[in-house]
Protein chains: 2
Amino acid sequence: MSDLLERLRGRGWRMTAQRRVVAEVLDGDHVHLTADEVHARAVTRLPEISRATVYNTLGEMVTLGEVIEVATDGRAKRYDPNAHRPHQHLVCGRCGAIRDVHPAGDPMADLPDTERFGFTISNVEVTYRGICPSCAATA
Amino acid sequence: MSDLLERLRGRGWRMTAQRRVVAEVLDGDHVHLTADEVHARAVTRLPEISRATVYNTLGEMVTLGEVIEVATDGRAKRYDPNAHRPHQHLVCGRCGAIRDVHPAGDPMADLPDTERFGFTISNVEVTYRGICPSCAATA
DNA sequence: ATCCTACAATAGACAATGTCTAAGTCAAGT
DNA sequence: ACTTGACTTAGACATTGTCTATTGTAGGAT
């Protein structure tokens with residue numbers, strides 16, 4: 001069931017009810033929740049869980065590389081548990097819907113050495129922006 | 001001198017001292033300031049300019065397409081006046097330095113129809129992340 | 001040159017998101 | 001079952017951004 005939870009357990013994490021709940025809320029594909037959304041869902045299962053714990057736990061999962069932090073809109077960051085299959089994001093500028101997408105080719109390879117300015121590049125983030133079909137219909 | 005100011009004037013903008021100062025602060029290439037940084041610099045030239053005016057003016061320039069809003073770090077948005085030459089960004093994860101870069105190829109073309117889910121895609125943002133030479137030296 | 005008026009600027013309250021601290025609680029090894 | 005260090009909590013605080021009511025002013029009309 002919970003791949004995420006299994007991986008975290010395997011890393012020697014001290015397992016607490018709070019961490020379990022956060023991991024369960026994030027489990028699955030195509031999940032892109034904000035920290036507050038994660039908190040809201042966690043509270044339904046564990047009413048006394050605090051905001052700080054949700055932030056801490058999400059931060060730890062990001063550090064461990066089990067969850068990816070996505071800043072698609074300059075508002076709240078979103079947390080994406082699909083960390084082990086490289087992918088990019090497609091965002092609706094009207095309703096904020098997010099889809100995982102898989103562009104062809106390697107964007108990393110598209111940046112010539114002359115354009116790297118001596119940086120050691122570790123990853124590339126691609127965000128496609130547009131309007132989703134249901135928003136386009138109700139334009 | 002100020003291309004940005006010229007373009008804004010040409011659009012029938014009502015020219016005020018505040019707008020002039022904000023445009024002057026943003027003028028130039030490779031400028032990626034946050035709203036507060038813009039305000040800080042504007043204040044040195046026009047001490048009574050308010051935060052709200054800076055935010056309003058930046059927002060209008062973005063709406064007019066003369067300035068691009070860049071969210072590289074999930075913290076404060078940055079404002080990039082280099083709006084008329086398509087480019088992407090290279091960001092240092094340690095010190096936050098930003099460089100404009102020009103990847104080869106068209107990232108838009110790399111997204112197959114089957115991965116567009118009916119979206120009408122209007123633009124693509126690519127962010128390369130890594131460590132800049134001077135941060136690498138002081139690791 | 002002066003007057004009008006709509007648009008712009010201001011101060012400061014408010015909102016959203018995220019971080020930190022001090023004190024209490026608990027998972028897990030012994 | 002202890003003990004201990006890691007975890008959690010509530011709430012203050014910090015940062016970034018938005019809104020409102022009021023005052024000011026650019027630029028056209030007279």
Side-chain angles (χ1 to χ4, degrees), chain A residues 5 8-26 32-64 66-80 96 98, chain B residues 5 8-26 32-64 66-80 96 98:
Chain A
L5 203 49
L8 293 171
R9 204 193 304 272
R11 286 166 178 268
W13 244 32
R14 187 157 140 183
M15 194 47 61
T16 67
Q18 291 84 352
R19 288 175 169 182
R20 197 176 352 257
V21 166
V22 170
E24 283 170 4
V25 165
L26 274 186
H32 303 92
L33 300 170
T34 66
D36 263 3
E37 287 166 352
V38 171
H39 181 240
R41 297 188 186 199
V43 161
T44 66
R45 305 193 194 193
L46 188 66
E48 68 274 24
I49 192 171
S50 72
R51 271 180 1 109
T53 294
V54 171
Y55 277 98
N56 288 341
T57 303
L58 290 172
E60 287 155 13
M61 295 199 289
V62 169
T63 298
L64 290 175
E66 295 293 345
V67 165
I68 290 171
E69 213 172 54
V70 184
T72 52
D73 58 354
R75 311 278 301 190
K77 291 174 201 161
R78 292 178 177 273
Y79 293 88
D80 181 343
I98 302 178
Chain B
L5 201 49
L8 292 171
R9 204 193 307 271
R11 286 166 180 268
W13 244 33
R14 186 157 140 183
M15 193 49 60
T16 67
Q18 291 83 353
R19 287 175 170 185
R20 197 177 350 261
V21 167
V22 171
E24 284 169 5
V25 166
L26 272 186
H32 304 90
L33 300 171
T34 65
D36 263 0
E37 286 165 354
V38 171
H39 181 242
R41 296 187 187 200
V43 160
T44 67
R45 304 193 193 193
L46 188 65
E48 67 275 24
I49 192 171
S50 73
R51 271 181 0 111
T53 295
V54 171
Y55 277 99
N56 287 341
T57 304
L58 290 172
E60 287 155 13
M61 296 199 287
V62 170
T63 298
L64 291 174
E66 295 293 345
V67 166
I68 290 171
E69 213 172 54
V70 185
T72 52
D73 58 354
R75 311 277 301 185
K77 291 175 201 161
R78 292 177 176 276
Y79 293 89
D80 182 344
I98 302 178

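Quick note on labels: first sequence line is chain A, next is B, and so on, each numbered from 1. All heavy atoms count here, side chains included; hydrogens, waters and symmetry mates do not.
Residues in residues 55-64 of chain A take part in these side chain to side chain donor-acceptor pair (under 3.5 Å) pairs, two or more places apart or across chains: A/Arg19-A/Glu60.
To the nearest angstrom, C1' of C/dA9 lies 11 Å from CD of B/Glu60. At whole-Å resolution of the value, CG in B/Leu58 and P in C/dA9 are 12 Å apart. Atom CG in B/Leu8 sits about 18 Å away from atom P in C/dC7, given to the nearest Å. Protein atom CZ of A/Arg75 is 10 Å distant from nucleotide atom P of C/dG18, rounded to whole Å. As a whole-Å value, the separation of A/Lys77 NZ from C/dA16 P is 18 Å. We find that CZ of A/Arg19 is positioned 19 Å from P of C/dT25, with the value rounded to whole Å. Going from atom CG of A/Leu46 over to atom C1' of C/dT25 covers 14 Å, rounded to whole Å. Whole-Å rounding puts the B/Arg9 CZ to D/dA26 P distance at 14 Å.
Taking the side chain as every heavy atom from C-beta outward, B/Val22 and B/Met61 approach each other to under 4.5 Å. Between A/Arg20 and A/Leu46 there is no side-chain heavy-atom pair separated by less than 4.5 Å.
Considering only residues two or more places apart in sequence or on other chains, A/Ile68 meets the side chain to side chain contact (heavy atoms under 4.5 Å, CB included) condition with A/Val70, A/Asp80, A/Ala83. Contacts of B/Arg9 classified as salt bridge (Lys or Arg N to Asp or Glu O under 4.0 Å), with partners at least two apart in sequence or in another chain: B/Glu6. In terms of the salt bridge (Lys or Arg N to Asp or Glu O under 4.0 Å) criterion, residue partners of A/Arg45 (sequence neighbours excluded) are, by chain and number, A/Glu24. The side chain to side chain contact (heavy atoms under 4.5 Å, CB included) check on A/Ser50 picks up A/Ala52, A/Thr53, with sequence neighbours excluded. Here A/Arg41 pairs with nothing under the salt bridge (Lys or Arg N to Asp or Glu O under 4.0 Å) rule; sequence neighbours left out. Take B/His32 and apply the ring pair (Phe, Tyr, Trp, His ring centres under 6.0 Å) test, not counting sequence neighbours, and it matches B/His89.
Contacts with DNA chain C (heavy atom under 4.0 Å) in residues 48-57 of chain B: B/Glu48, B/Ile49, B/Ser50, B/Ala52, B/Thr53, listed by number.
Using a 4.0 Å cut-off, some side-chain N or O of B/Gln18 falls inside it from OP1 or OP2 of C/dT10.
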Identify all pairs in which a protein N or O lies below 3.5 Å from an N or O of nucleotides 28-30 of chain C, and state each distance.
unit_1: C/dA28; atom_1: OP1; unit_2: A/Met15; atom_2: N; d: 3.2

